[in-house]
Amino acid sequence: MENQATRNRHAERRARLHGRLVIAAVAGCAVLGTVLMLLPAERHVTRAPAPAPGAQALTAVAAGVPAALPDLAALIDERESRLRRHPGDAQSWAVLGTAYVEQGRRTADTTFYAKAEDSLRTSLKVRRSAEALEGLAVLANARRDFRTARTWGEEARQLEPRRWTTYPALIDAYTGLGDYKAARGALERLTELRSGPSVMARAAAVYRDRGWREDAAAQLADAAAGAQAPAERAAYLERAGQLAWERGDREDALRHFQEAVRIDPDQRAAQAGQGRALAALGRTTEALNAYRAALAKQPLPQYALELGELYESLGLGQAARVQYDLLRAAVERAAAGGADEELVLGQFEADHGDPASAVRRLRAEWLRQPGIAVADALGWALHRAGQDREALRYARIATDKVHGGGVRSAPYAYHLGMIERASQRYAPARRHLREALQINPYFSPSGVRAAREALAALGDVPEEGLPEEGGADEGGTAANRAADGAAADGAAADAKAVTPRPYR
């Protein structure tokens, strides 16, 4: 009986313990459920995968910003494949054409330009759209055919006035044609329609052309900080490096160029920029390597010219001639793809080849697209050909801060000063040669040396009491100075009108 009683007591204890465990388990489940309900919702949501490379490039191409080359190749493959199945897809033809333009621009392979034109014109045949017209404007700008770019861009704007991506193409076209008033107007309209990094970068280019370097630098810094993709940010850093170089800040320029290449190893313009800055810092071997790396993947005539001049400054004439031969070959390839590299070829011929040939080429270029870069090159070619009277006219156009772009350029000031010296206008020659060295004392290995030698030959005459730049024919009258003041006031008003809205 006692054993039976003992067993009964153990059974009762086990039953009570089981009941407590069940209650505890139920309570635990309730607590756990409550906790899970209180957790942030995103912990229960599976994150969307990163967009595919082709999708990333599509976003960039649609917004008119640089795309990474691998992503661009993926986008091209995807659109080509789609169009084989759906040849009537007008939008895909337009996207493909614009992607071809970017691929050609980034690689300096102008065969992509012919493909781009075929694709964009096919898109127009299927359906007339602002997207295809805009793509043709971008293509024409890449080929340096600014009149055609203006035509296509204005057609796109007429079809869709509120399509913001058309306005950057128009700004490029107007700038290439020397129509800076129209470029400012297009920027004003762009900033009314859109804000963000790409608009800031576009504003920076216009500000730079007007001589507002600090404003341009601030816009580019904000654009780089707000850029969404590495390739886009690298492009803005490269432009910031160009601004730093133009003001003679070698170290800051090099930092920007190096960061751009670190972020996007395919950023060849930044590699060439490194070559420029490293040469100015006396790091010659590194400079040569940087130029070679840029040329290997983006064989632009401009890079070949700069590398050839660097070799020449080092006394390596044979190596320089190799680069000059590469320059001519690159110009021929560009022409075969419908691209115009006559400006660079004219600059080369003026200093290293046949100045008379340079004059012929650059006169024709001036008729096609009268921007300040062409005015400067033509003025210098005329000087090298012994035609200083006419040379002075074009050199003044390139440095006209009221009617021209107003860009602060050491090479432009140097060219003007040397032409004035040859024209026996010694006071303004001193002024402009000094200005060139103040703007950027490293602007060119040979140019800096020639400017210093010319200043030494002219003598250190004080500026006090000197007449203005040659009297009335050089803009030195009191009336002209008053007009300059009025223009400056107008420029300040324009600045307020076209300042982009803060990035949102």
Side-chain angles (χ1 to χ4, degrees), residues 42 45-79 91-92 94-103 105-107 131 134-135 138 141-142 162-169 171-172 187 190-208 215-243 255-271 273 499-504:
E42 60 265 25
V45 177
T46 302
R47 292 187 181 277
Q56 292 175 350
L58 176 60
T59 301
V61 166
V65 301
L69 281 178
D71 294 352
L72 203 56
L75 173 62
I76 289 171
D77 287 345
E78 184 269 325
R79 291 292 151 155
Q91 185 182 28
S92 286
V95 169
L96 179 61
T98 307
Y100 279 144
V101 176
E102 179 69 358
Q103 188 86 330
R105 188 187 67 80
R106 293 288 303 274
T107 62
E131 188 174 15
E134 177 190 306
V138 172
N141 279 324
R162 297 190 61 81
R163 182 179 172 84
W164 71 270
T165 50
T166 298
Y167 290 90
I171 291 170
D172 285 346
L187 174 61
L190 172 62
T191 57
E192 291 172 357
L193 295 171
R194 184 77 173 184
S195 62
S198 62
V199 176
M200 292 174 184
R202 188 60 56 179
V206 174
Y207 294 168
R208 177 259 180 196
D215 296 313
Q219 290 291 320
L220 281 173
D222 289 344
Q228 298 297 310
E232 181 186 3
R233 182 164 184 261
Y236 301 154
L237 288 169
E238 186 274 329
R239 295 177 202 175
Q242 286 189 42
L243 280 180
R255 281 193 294 272
H256 279 98
F257 292 140
Q258 288 176 330
E259 179 66 6
V261 174
R262 186 191 69 78
I263 294 172
D264 180 8
D266 293 316
Q267 179 46 256
R268 307 303 171 184
Q271 285 183 317
T499 300
R501 294 169 291 176
Y503 175 48
R504 293 192 295 272

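Residues Pro197 and Asp222 have side chains not in contact (no heavy-atom distance under 4.5 Å, counting atoms from C-beta outward).
Applying the side chain to side chain donor-acceptor pair (under 3.5 Å) test to Asp264 and every residue at least two apart in sequence or in another chain returns Arg106. For Ser92, the side-chain contact (heavy atoms from CB on, under 4.5 Å) partners at least two apart in sequence or on another chain are Arg79, Arg82, Leu83, Asp89. Under the side-chain contact (heavy atoms from CB on, under 4.5 Å) criterion, Ala63 pairs with Val65, Trp164, not counting sequence neighbours. Among residues two or more places apart in sequence or in another chain, the salt bridge (charged side-chain N to carboxylate O under 4.0 Å, His left out) test is passed with Asp266 by Arg268. Residues passing the side chain to side chain donor-acceptor pair (under 3.5 Å) test with Asn141: none are found, sequence neighbours excluded. A search for salt bridge (charged side-chain N to carboxylate O under 4.0 Å, His left out) contacts involving Glu102 returns Arg105, not counting sequence neighbours. Legend: residues meeting salt bridge (charged side-chain N to carboxylate O under 4.0 Å, His left out) with Arg162, ordered by chain and number and at least two apart, are absent. For Tyr236, the side chain to side chain donor-acceptor pair (under 3.5 Å) partners are Glu232, not counting sequence neighbours. Under the rule for a salt bridge (charged side-chain N to carboxylate O under 4.0 Å, His left out), Glu238 has no partner lying at least two apart in sequence or in another chain. Annotation: side-chain contact (heavy atoms from CB on, under 4.5 Å) contacts of Arg262 (sequence neighbours excluded): Glu259. For the side-chain contact (heavy atoms from CB on, under 4.5 Å) test, residues two or more places apart in sequence or in another chain that qualify with Ala204 are Ala216, Gln219, Leu220.
Considering all non-hydrogen atoms of both residues, Pro66 and Ala235 come closest at CG-CB, 3.4 Å. When every heavy atom of Ile263 is checked against every heavy atom of Pro230, the shortest pair comes out as CG2-O, 3.3 Å. Here the closest non-hydrogen pair linking Ala260 and Ala270 is CB-CB, 3.8 Å. Heavy atoms only, all atoms of each residue included: Ala201 and Ala223 are closest at N-CB, 4.1 Å.
In this structure, CD in Glu134 is found 11.0 Å from OH in Tyr167, a value given to the nearest 0.5 Å. For the atom pair CD (Glu78) and CD1 (Ile76), the distance works out to 11.0 Å, reported to the nearest 0.5 Å. To the nearest 0.5 Å, the span separating CZ on Arg202 from CG on Asp172 amounts to 4.5 Å.
Salt-bridge formation is not detected for the pair Asp215/Arg208: no Lys NZ or Arg NE/NH1/NH2 atom is positioned less than 4.0 Å from an Asp or Glu carboxylate oxygen.
Between Val61 and the choices Asp71, Thr98, Val138, the side-chain contact (heavy atoms from CB on, under 4.5 Å) rule is met once, by Thr98.
Between the side chain of Thr59 and the backbone N or O of Ala55 there is at least one donor-acceptor pair closer than 3.5 Å. Within the 3.5 Å criterion, the main-chain N or O of Ala227 finds no donor-acceptor partner in the side chain of Arg233. At distances below 3.5 Å, not a single donor-acceptor pair connects side-chain atoms of Gln258 with backbone N or O atoms of His256.
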For side-chain contact (heavy atoms from CB on, under 4.5 Å), just list the numbers for Leu69 and Gln103, CA-CA rounded to whole Å, side-chain angles, deciding distance to a tenth of an Å, and then say yes or no. CA-CA 7 Å; Leu69 281 178; Gln103 188 86 330; 3.4 Å; yes
Please test Leu96 against Leu75 for side-chain contact (heavy atoms from CB on, under 4.5 Å), starting from the C-alpha separation and ending with a verdict. CA-CA 8 Å; Leu96 179 61; Leu75 173 62; over 6 Å; no
Using the side-chain contact (heavy atoms from CB on, under 4.5 Å) rule, take Leu243 and Tyr207 through it: C-alpha gap first, then chi angles, then the decisive distance, then the call. CA-CA 11 Å; Leu243 280 180; Tyr207 294 168; over 6 Å; no
Working for side-chain contact (heavy atoms from CB on, under 4.5 Å), residues Glu131 and Arg163: CA-CA 9 Å; Glu131 188 174 15; Arg163 182 179 172 84; 3.6 Å; yes
